[in-house]
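Data first, discussion second: the structure below is written as structure tokens.
Worth saying up front: this structure is predicted, and the values here are computed from it rather than measured. Counting from 1, the numbers follow the sequence of the chain as shown.
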Amino acid sequence: MRDNLTELIFSAGVVGCGGAGFPTHKKICGQVEDFIVNGVECEPLLRTDRYIMAHYARELVETVAAIGAFLQAKRCAIGVKRAYAPQVEALEAAIRETGTAVELHLLESFYPAGDEQVLVHEVTGRTVPPGGIPLAVGAVVDNAATVLAIHDAMAGKPLTDKYLSVAGRVPKPSVLHVPVGTSFAECVALAGGELGEGDFIVAGGPMMGRSMTWDQAKREVVTKTTSGILVLPADGAHAQRYQLSVEKMLNRARSACIQCSYCTQLCPRYLLGHPLRPNRIMRKLSMGAIPELLEDEDVKAAQLCCECGVCELYACPMGLAPRRVNQLVKGELAKAGIRSKFTGGDTDPDREVRKAPTRKAAARAGVLEYYDWEPGEAVEYTPRRVAIPVKMHIGAPSQPLVAVGDRVERGQLIARCPEGAMGAQIHASIAGVVAAVGDRIVIESR
């Protein structure tokens with residue numbers, strides 16, 4: 001490759017576009033067995049990656065082949081659900097036209113097929129060890145939106161804009177294409193809605209997304225990792241579940257858990273042979289407070305939880321919250337500096353029949369009425385003001401390179417990754433004048 005791909009990705013500020021924002025230049029390096037593109041998009045209501053695969057199939061296929069060559073991968077595969085017929089058709093056509101060796105791996109519609117450890121197992125048959133990453137079995141995984149950002153990086157374009165879904169109880173569920181730093185309120189308005197006291201907002205999907213009230217959402221902006229914005233009723237089951245206090249949640253767990261073990265039997269990581277048993281963690285809670293149980297091996301296994309929500313939104317018949325309990329335990333383990341090594345077992349022989357169908361997961365999560373929508377053309381929008389966070393990725397916050405009053409152009413570097421640190425470059429998403437510099441860099445067009 002003419003230029004070092006890792007350097008191009010770093011210079012463009014590319015991070016994982018659908019997850020925690022891991023700096024992609026740290027992934028696309030070295031040599032691997034398999035490069036896998038996650039096009040599964042298993043979160044109910046989100047359509048972002050599906051839009052990208054349908055409209056940018058050739059760009060994706062060409063970029064996957066280039067990345068595979070750079071990584072000297074023996075295999076390049078795009079994982080996509082069999083049910084995504086238009087996307088499969090577009091990708092197959094792109095593979096034929098380009099003559100690349102990129103493969104499609106078709107999956108059934110289950111949740112969470114898009115969990116990267118689940119996807120690696122589905123595509124390669126290998127199991128990532130407990131607490132490990134795909135690289136441990138010779139694989140690298142990126143989602144479709146990230147690959148499109150790498151395509152732009154190869155053309156010298158930094159990551160300044162995001163495709164995202166706006167869905168739920170909005171008049172026109174849509175895929176948007178907006179600059180990083182655009183407010184959630186403007187995004188909802190583009191889908192014909194208006195944030196109000198009757199709304200409960202989720203950044204991401206209904207199973208794993210970050211929940212907030214409408215008042216909190218008024219300050220939220222689109223980041224490099226924003227894949228969707230859901231507008232749900234403030235008095236709905238989803239909102240009530242997430243607004244339950246920690247104290248009440250723990251009291252319910254101690255008093256109402258019937259030890260049916262469905263949370264464990266349906267846990268995607270347990271089904272891969274990981275020693276995570278949510279029902280045992282719930283049972284141990286009846287014996288004492290979380291800080292007193294941190295040395296217990298079953299409790300330590302909460303570190304393996306991927307927080308997919310199957311246990312509480314799909315499996316538990318008592319309306320309990322094993323996922324939130326695991327989140328609390330993980331936080332306490334981190335504070336105590338406890339990091340354990342775990343040994344994996346065999347894949348559960350009943351794994352195939354215990355996968356949660358995606359539509360049924362949507363029903364259990366209380367969002368089935370919003371499930372069936374297909375995007376038209378993406379809504380393009382440029383706001384007059386953006387507020388770009390300097391921390392929207394794993395690692396250190398980026399260091400601002402601009403001051404109040406500076407005029408900047410779209411695509412200009414405005415914050416850099418600290419020397420020697422894990423982080424990402426950040427670029428101006430609109431042209432204008434810098435109005436504020438702090439935890440966000442505010443730019444106003446004038």
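Without hydrogens or angle criteria, R364 side chain to Y314 main chain gives a donor-acceptor distance under 3.5 Å. A donor-acceptor pair is defined here as one N or O able to donate and one able to accept, closer than 3.5 Å; no such pair exists between the side chain of E92 and the backbone of E89.
Other residues, nucleotides and ligands place no more than 12 heavy atoms under 6.0 Å from the CD atom of E419. More than 12 non-hydrogen atoms from other residues, nucleotides or ligands lie less than 6.0 angstrom from CZ of R169.
Residues passing the ring pair (Phe, Tyr, Trp, His ring centres under 6.0 Å) test with H55, sequence neighbours excluded: Y51. Here R384 pairs with nothing under the salt bridge (charged side-chain N to carboxylate O under 4.0 Å, His left out) rule; sequence neighbours left out. Partners of F10 under the ring pair (Phe, Tyr, Trp, His ring centres under 6.0 Å) rule, at least two apart in sequence or in another chain, are H25. Remark: E43 pairs with no residue by the salt bridge (charged side-chain N to carboxylate O under 4.0 Å, His left out) rule, at least two apart or across chains.
Sequence neighbours left out, the pairs with a member in residues 95-111 that pass salt bridge (charged side-chain N to carboxylate O under 4.0 Å, His left out) are R58-E97, R75-E103, R82-E108. Sorted by first and then second residue, the ring pair (Phe, Tyr, Trp, His ring centres under 6.0 Å) pairs involving residues 373-429 (not counting sequence neighbours) form an empty list.
K81 and T358 share a side-chain donor-acceptor pair at under 3.5 Å. No side-chain N or O of E59 forms a donor-acceptor pair with one of H151 less than 3.5 Å apart.
In this structure, CD1 in I414 is found 13.5 Å from CD in Q399, a value given to the nearest 0.5 Å.
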